[in-house]
Amino acid sequence: MSGVVRDQDVDIDLGQLVRAVWARRLRILTITLVGAGVAFAGAKIMSPQYRSETRVLIEPRAPAFASTQQVNDAGAGPLMDELNIASQVQLLQSADLLKKVINDLKLYNLPEFDDAANGSAMASILVKLHLKKNPLENPPEERVIDAFVERLQVYQVPGSRVIGISFTSKDPKLAAAIPNAMANVYLSTQSGAKLDSNSEATRWLEPEIEGLRRKVSEAEQKVAEYRTSHGLLQTNGTTTFPAQQLNDISAELTRVRGDKANAEARAQAVRNALSSGEASDTLPDIMSSQAIQRLKATESGLQSQISDLQTSLLNSHPRLKSLRAQLSDIRGQIRQETQKILASIENESKVADLRASELERQSATVQANSARAGEDEVGLNALEREATAQRQLLETYLVRYREAASRADSNSSPADARIVSKAIEPVDPYFPKVVPIVVVAAVATLIMSAIITMLAELFSGRALRPVDASPAAVEVEAVAEEKDVPQAAPIAAVARKPVRPSMLAMVADEEDTVEDVLAGDEAVEDDNEFSVASVADYLSDSRAPLAIAISPTGDDGSAATVSLTRMLADAGRRVILIDMTGSGYPTELMAEDQAALGVTDLLCGEAAFGDTIHGDRLSDAHLIPQGRSDVRRAMRGVDRLSLLLDALAAAYDLVVVECGSADVAGVSRLTRSRDVEIILSLPELEETVFVALMTEFQAAGYERVVLMSGGDGAEQTLGQAA
């Protein structure tokens, strides 16, 4: 039967799942090691695969002799576009490029790539039956290209104009040679495309240039003939002769009119000076005359002499009169000379006026001729424009032809890409990675084994616990499951409580004689040192995990053991009593239901731990009753009871086994260890019985024997039972 009944609420016990895995750790570890070994062997059997990579940078490139303007023009194109980079990736994977690499490296001779050359017997039969096309009929590169593409990877490095070419092969040298060969073929193809473009340009430009030369020559001949026939001779290469003549006359007329205006202004200034009697020596024309300057000098000398003589002679003195007459004559000469200068300036004005009239007449004549020449220049300009256009086109074609011709060499037309990282021969294989494969396989095997173990626990019901199960019962079931204690059905599990080992205080030492113990007992008997309370204090101090109580006198000793258990529970210790008596008296004293499932049912496989652990009706202690099953049948499996005691000792502070009037042989079957507390429950101390039991247990190797002579606690327990 199971600890979980039908229609009962249950929980998944995670602790039990963990304990189940831990309990089968050796099996899981063995399976994990086997899985790791299989993975290691498989990785070693696999053929190693090597991978190497070449990286190509897409960038505009021009020959070293190219001008800066040409380089800038090349860089301004669509070469930086993402679509262009993606197009180059597709070009690197094109069938033509791959076939060229396959032929250059003769990959069709390698079994790694050409499986059809070493076809299987089944494939040969299918070919003979015309159910399959003979792969050998295809060209070698066609047979290899599929296997080649499977090992090839071409990609754009994110965020850059770099293209990576990686290849995987069984041969490390081939893994490095193929990406480098692909990069070289790609660069050669790009450079060849430029050479083809330049060759086509030169072939097309040669006849075009010859035709343009003839057209330019004819256009220039027409311009020269038209210019001669219409008299449109050029003077300085830019204007015609009538236009130049008109420009000269206009300039001369402007100059003459300026001279005329200047002469009239000078003459008017001289007239104003003469008419107003002002001094004329400030006028430029007067002052520039040498005669006027001499007369002015003479006038100044005479004026000076007159001034000197007036200080010593009278005004009527002949000398003064003579000097005054000379001074008057000099001033007259100055006036006459000024009149001559005025007449000269007036003549200049008249000459300028006549010259301007003549120039105006010539200008009118030249303007008429220039108007006729302008009409003729319309046709001349049309011819010149045609000749200029033909000449410019010819010059452009000549420049392009020279550039294309200069790039006829392969070195002069580099591809718009360059290798930035060449593939090198790899040392370590890309696949298989033995250590990661073994680690992953081991971890996966470990996880799967643990999962299968957990699922087995769940499906078997051992990892399920009733919601209303007592904590102590659940904990005992968990520890019992860990120790593989046999039971009728799965039990719930929780984390077990760690047990602290204890030390004894009042025990009979192997070297002590029985008489010494009795003497000690008699010495302390008056102080009631072997009472139930004293033994409870001793067990609390010693922290003993297991105590086996022997009651040679029967039920009164069992009553003392029940009293001891309740005292320990009242002291706050977690304690459980197992009723292994023949009479079942402890069950009668402690159990609510006298027919409750107990230890005999557990040993017979008819109950689980959760069903056999019950609470004491008068304390916090727990009880495993005698049970309802046949005692004889249960005792056949008493040897397994030691596992039960170990499980209970791990869950409780103290496990008390009331064995009734058992002997040493029976006690030895309960536990495999001699490190237990043996309590001789004798309410009425009988030296003969005690000495005999003490001697037997010491001879069997039990060194920790404690006497419990009953007392108030036992009497109280008997009173409660009554």
Measure across [X] and [Y] and return the closest heavy-atom pair with its distance rounded to 0.1 Å.
{"X": "A649", "Y": "V655", "answer": "N-CG2, 3.5 Å"}
{"X": "A442", "Y": "T32", "answer": "O-CG2, 3.3 Å"}
{"X": "L174", "Y": "S169", "answer": "CD2-OG, 3.7 Å"}
{"X": "F167", "Y": "F148", "answer": "CE1-O, 3.5 Å"}
{"X": "L597", "Y": "A607", "answer": "CD1-CB, 3.9 Å"}
{"X": "S47", "Y": "K170", "answer": "CB-CE, 4.2 Å"}

Donor-acceptor pair, side chain of [X] and main chain of [Y], under 3.5 angstrom:
{"X": "R573", "Y": "L539", "result": "yes"}
{"X": "T600", "Y": "V631", "result": "no"}
{"X": "S563", "Y": "A559", "result": "no"}
{"X": "S551", "Y": "S558", "result": "yes"}
{"X": "R24", "Y": "A20", "result": "yes"}
{"X": "E588", "Y": "Q594", "result": "no"}
{"X": "S661", "Y": "G554", "result": "no"}
{"X": "S52", "Y": "I424", "result": "yes"}
{"X": "S160", "Y": "V157", "result": "yes"}
{"X": "E82", "Y": "A86", "result": "no"}

Might you work through the side-chain contact (heavy atoms from CB on, under 4.5 Å) test for T612 and V599, ending with a clear yes or no? CA-CA 7 Å; T612 60; V599 64; over 6 Å; no
Is the number of heavy atoms from other residues, nucleotides or ligands within 6.0 Å of NZ (K433) greater than 12? yes
Give a yes or no on whether L29 atom CG has more than 12 heavy-atom contacts from other residues, nucleotides or ligands under 6.0 Å away. yes
Quick one: pull up [atom1] in [X] and [atom2] in [Y] and give me the separation to the nearest 0.5 Å.
{"X": "D601", "Y": "D611", "atom1": "CG", "atom2": "CG", "answer": "9.5 Å"}
{"X": "I451", "Y": "L17", "atom1": "CD1", "atom2": "CG", "answer": "11.5 Å"}
{"X": "E112", "Y": "Q49", "atom1": "CD", "atom2": "CD", "answer": "6.5 Å"}
{"X": "T445", "Y": "I452", "atom1": "OG1", "atom2": "CD1", "answer": "9.5 Å"}
{"X": "R151", "Y": "D146", "atom1": "CZ", "atom2": "CG", "answer": "11.0 Å"}
{"X": "E658", "Y": "S681", "atom1": "CD", "atom2": "OG", "answer": "6.5 Å"}

For I28 and L446: C-alpha separation, side-chain torsions, deciding distance, then whether side-chain contact (heavy atoms from CB on, under 4.5 Å) applies. CA-CA 7 Å; I28 294 175; L446 178 63; 3.4 Å; yes
Under the side-chain contact (heavy atoms from CB on, under 4.5 Å) rule, what do I578 and L645 come out as? Steps first, then yes or no, please. CA-CA 9 Å; I578 303 176; L645 295 178; 3.5 Å; yes
Steps toward side-chain contact (heavy atoms from CB on, under 4.5 Å) verdict (C659, I548): CA-CA 7 Å; C659 297; I548 299 177; 3.5 Å; yes
Answer whether the closest heavy-atom distance between the side chains of [X] and [Y] falls below 4.5 Å.
{"X": "V434", "Y": "F40", "answer": "yes"}
{"X": "I679", "Y": "T561", "answer": "no"}
{"X": "L568", "Y": "D653", "answer": "no"}
{"X": "M635", "Y": "L603", "answer": "yes"}
{"X": "H614", "Y": "M590", "answer": "no"}
{"X": "S421", "Y": "E53", "answer": "no"}
{"X": "L682", "Y": "L707", "answer": "yes"}
{"X": "L693", "Y": "V664", "answer": "no"}

Tell me, please, whether W22 has R25 positioned over its six-membered ring: NZ or CZ under 6.0 Å from the ring centre and within 45 degrees of its axis? yes
Applying the side-chain hydrogen bond (donor to acceptor under 3.5 Å, both in side chains) test to T587, which of D593, T581, D579 qualifies? D579
Pair R704, E677 - check salt bridge (Lys or Arg N to Asp or Glu O under 4.0 Å), show working. CA-CA 5 Å; R704 301 163 61 173; E677 300 286 350; 2.4 Å; yes
What is the ring orientation for Y702 with F697, classed by angle as parallel under 30°, tilted 30 to 60°, or perpendicular over 60°? perpendicular
Parallel, tilted or perpendicular: ring planes of Y652 versus H622, cut at 30 and 60 degrees: perpendicular
